[in-house]
Visitor: 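Let me begin by handing over the structure; questions about it come next.
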Protein chains: 2
Amino acid sequence: MELNATSYVILGMLGFRPMCGYDIKQLVDKSTRFFWAASYGQIYPELRRLSDAGLIKGQADSDTARGRIEFELTPEGRRRLEDWLGDPPEIQEMRDESMLKVFFSGTAGNGGPRAALEAKRDHHSEVAARLRGIEESAKAADASGGPVTALRLGIAFNEFVADWCDKEAASA
Amino acid sequence: MELNATSYVILGMLGFRPMCGYDIKQLVDKSTRFFWAASYGQIYPELRRLSDAGLIKGQADSDTARGRIEFELTPEGRRRLEDWLGDPPEIQEMRDESMLKVFFSGTAGNGGPRAALEAKRDHHSEVAARLRGIEESAKAADASGGPVTALRLGIAFNEFVADWCDKEAASA
DNA sequence: GAAGTCATGTAAACGGTTACATGATTTT
DNA sequence: AAAATCATGTAACCGTTTACATGACTTC
């Protein structure tokens, strides 16, 4: 069975601990969503597919009796996740609409990239601030490893771009 | 008529000069594709839509007689482009699969984020190098404005991330 | 005359978002 | 009793990629 990045988001989350689809969505929304989002419309059908393929295994939670189905990785699922993590890097594509505005600014009579740079600066500033907030709670929870590295990289990157745009806007 | 980011890529390119679909594809492939790609499967149908909506106007090129259809912005098309450039920033979403690997590294028995960081470093290094090559030709052509700003931002950003990953990998 | 480039286009499939539908449980 | 949250799921739609089909013109 072919897996895509979103499949690995699910496998990866289940690698932390067993979870239901709702939990995965909540977790994604406060972690990977800054570089990879996922909607219910992807998560639930994908849980089904992964389960059919034997990479995860779900069972109805009898404790809560609220229709909750908890999934966990099977050994095969864990192997696939590990393989992917060890694989040579796949093609990376980026989509950043704010770069388009920088690129095309000046086409029209709006006097160069300054406005686009300021808007981009503000956006990255805000994201950096939000990530710094998350970092606080992560520190409190004494978290470590990949998630914290990703968080620190996100903060550094957003602050760098905000700063670059600010300086460039000032001199433009 | 509703326009999306790809529509504006086309309008933006036609803002530089009149072009055919093939030209747009070539140009995108060596400029915006680092932050926004476009395929023929999007470009040709979209040229049709934009033309039907009166935002661009095409005419068969009688000089070459090779089936080439050259499009240019109509005044209305230019107005829409300018509006978009002046608009408050739209939602920005990023998708970066290499961040997923950083985030999930350590889940499996692969010993932390070092390998993922090194792969990411190499990728951004390569992109930075390619962009620096483009910068050379841009300098030679004495280019300026939005495209050059976008290019310099791309170089700065890729070098920064490569550097950050390198340092982090070394200390991890 | 073969290979490469210029040029237009379409069909199928994939990936993803949005909006909706349903209902149980928990909190106010 | 009402509102919020937990929890699952689907259907319609949009955006994008990939692969294919076609043919003229140019270069070697």
Side-chain angles (χ1 to χ4, degrees), chain A residues 1-10 13-14 18-30 32-52 56 58-71 90-97 100, chain B residues 1-11 13-14 18-30 32-33 35-52 56 58-71 90-97 100:
Chain A
M1 180 201 174
E2 287 286 308
L3 302 183
N4 59 34
T6 301
S7 320
Y8 289 113
V9 170
I10 293 174
M13 290 301 184
L14 295 180
M19 269 181 249
C20 70
Y22 187 85
D23 293 338
I24 291 172
K25 170 72 169 147
Q26 303 305 106
L27 242 184
V28 163
D29 279 351
K30 53 179 172 164
T32 66
R33 87 164 159 109
F34 293 101
F35 43 89
W36 206 281
S39 62
Y40 286 125
Q42 286 172 275
I43 291 170
Y44 283 110
E46 188 64 22
L47 283 171
R48 167 69 59 102
R49 279 181 70 232
L50 292 169
S51 183
D52 288 348
I56 64 177
Q59 69 173 2
D61 194 327
S62 50
D63 295 348
T64 65
R66 211 204 257 232
R68 179 189 170 93
I69 304 162
E70 199 149 73
F71 290 92
E90 65 292 355
I91 313 104
Q92 298 181 39
E93 297 213 3
M94 267 205 16
R95 311 216 115 203
D96 184 342
E97 210 167 331
L100 281 183
Chain B
M1 178 202 175
E2 287 287 308
L3 302 183
N4 58 35
T6 302
S7 319
Y8 288 113
V9 170
I10 293 175
L11 291 182
M13 289 301 184
L14 294 179
M19 269 181 251
C20 70
Y22 188 83
D23 294 338
I24 291 170
K25 170 72 169 149
Q26 303 306 106
L27 243 184
V28 163
D29 279 351
K30 52 179 172 166
T32 65
R33 87 164 159 109
F35 43 87
W36 205 283
S39 63
Y40 285 125
Q42 287 172 275
I43 291 171
Y44 283 110
E46 188 64 20
L47 283 170
R48 167 69 59 105
R49 279 180 70 232
L50 292 169
S51 183
D52 287 349
I56 64 176
Q59 69 173 6
D61 194 327
S62 49
D63 295 347
T64 65
R66 211 202 258 233
R68 179 189 170 93
I69 303 163
E70 199 149 75
F71 290 92
E90 64 292 356
I91 313 104
Q92 298 180 39
E93 296 212 4
M94 269 208 11
R95 313 216 115 206
D96 184 342
E97 209 167 332
L100 281 183

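Chain letters run A, B, ... following the sequence lines, proteins first, then strands; residues in each count from 1. Quick caveat, the model's predicted, so the values are computed rather than measured.
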Visitor: Need one value for B/G21: base, sugar-phosphate or nothing, where a base atom within 4.0 Å counts as base even if backbone is also close, heavy atoms only.
Guide: sugar-phosphate

Visitor: For A/Y22 and C/dT22, what is the distance between atoms OH and P respectively, to the nearest whole Å?
Guide: 19 Å

Visitor: Grab the CZ-P distance between B/R49 and C/dT8 for me, whole Å please.
Guide: 19 Å

Visitor: Side chains of B/L14 and B/I24: closer than 4.5 Å at any heavy-atom pair?
Guide: yes

Visitor: Salt bridge check: are A/D29 and A/K25 linked by an N-O gap of less than 4.0 Å?
Guide: yes

Visitor: Nearest-Å distance, CG (B/L3) to P (D/dC14)?
Guide: 14 Å

Visitor: Which whole-number value in Å describes the distance from A/R68 CZ to D/dC6 P?
Guide: 10 Å

Visitor: For DNA chain C, whose closest nucleotide is more 5', that of B/G41 or that of A/N4?
Guide: B/G41

Visitor: How long is the line joining CE of B/M94 and C1' of C/dG16, in whole Å?
Guide: 17 Å

Visitor: Name the closest nucleotide to the B/Q42 side chain, picking from D/dT16, C/dA7, D/dA7.
Guide: D/dT16

Visitor: Go nucleotide by nucleotide along DNA chain C from the 5' end; which of B/R48 and B/E93 gets its closest nucleotide reached first?
Guide: B/R48

Visitor: Which nucleotide in the set D/dT10, D/dT16, C/dG16 lies at the smallest distance from any side-chain heavy atom of A/P45?
Guide: D/dT10

Visitor: For A/I10 and D/dT8, give me the distance from atom CD1 to atom C1', rounded to whole Å.
Guide: 14 Å

Visitor: Heavy-atom distance under 4.5 Å between the side chains of B/I10 and B/V28, does that happen here?
Guide: no

Visitor: Considering only side-chain heavy atoms of A/Y40, which listed nucleotide, C/dT8, C/dT10, D/dG9, is closest?
Guide: D/dG9

Visitor: Which atoms form the tightest heavy-atom contact between B/E46 and B/S7, and what is the distance?
Guide: OE2-OG, 2.8 Å

Visitor: Does C/dT18 have OP1 or OP2 sitting under 4.0 Å from an N or O in the side chain of A/S39?
Guide: no

Visitor: May I ask you to decide whether A/R95 forms a salt bridge with A/E97, counting only side-chain N to carboxylate O separations under 4.0 Å?
Guide: no

Visitor: For B/Q26 and C/dC6, give me the distance from atom CD to atom P, rounded to whole Å.
Guide: 6 Å

Visitor: What's the closest nucleotide to the A/I69 side chain, out of C/dG16, D/dG9, C/dT10?
Guide: D/dG9

Visitor: If you check the B/Y44 side chain, which of C/dT18, C/dT10, C/dT8 turns out closest?
Guide: C/dT8

Visitor: For B/I43 and D/dA19, what is the distance between atoms CD1 and C1' respectively, to the nearest whole Å?
Guide: 16 Å

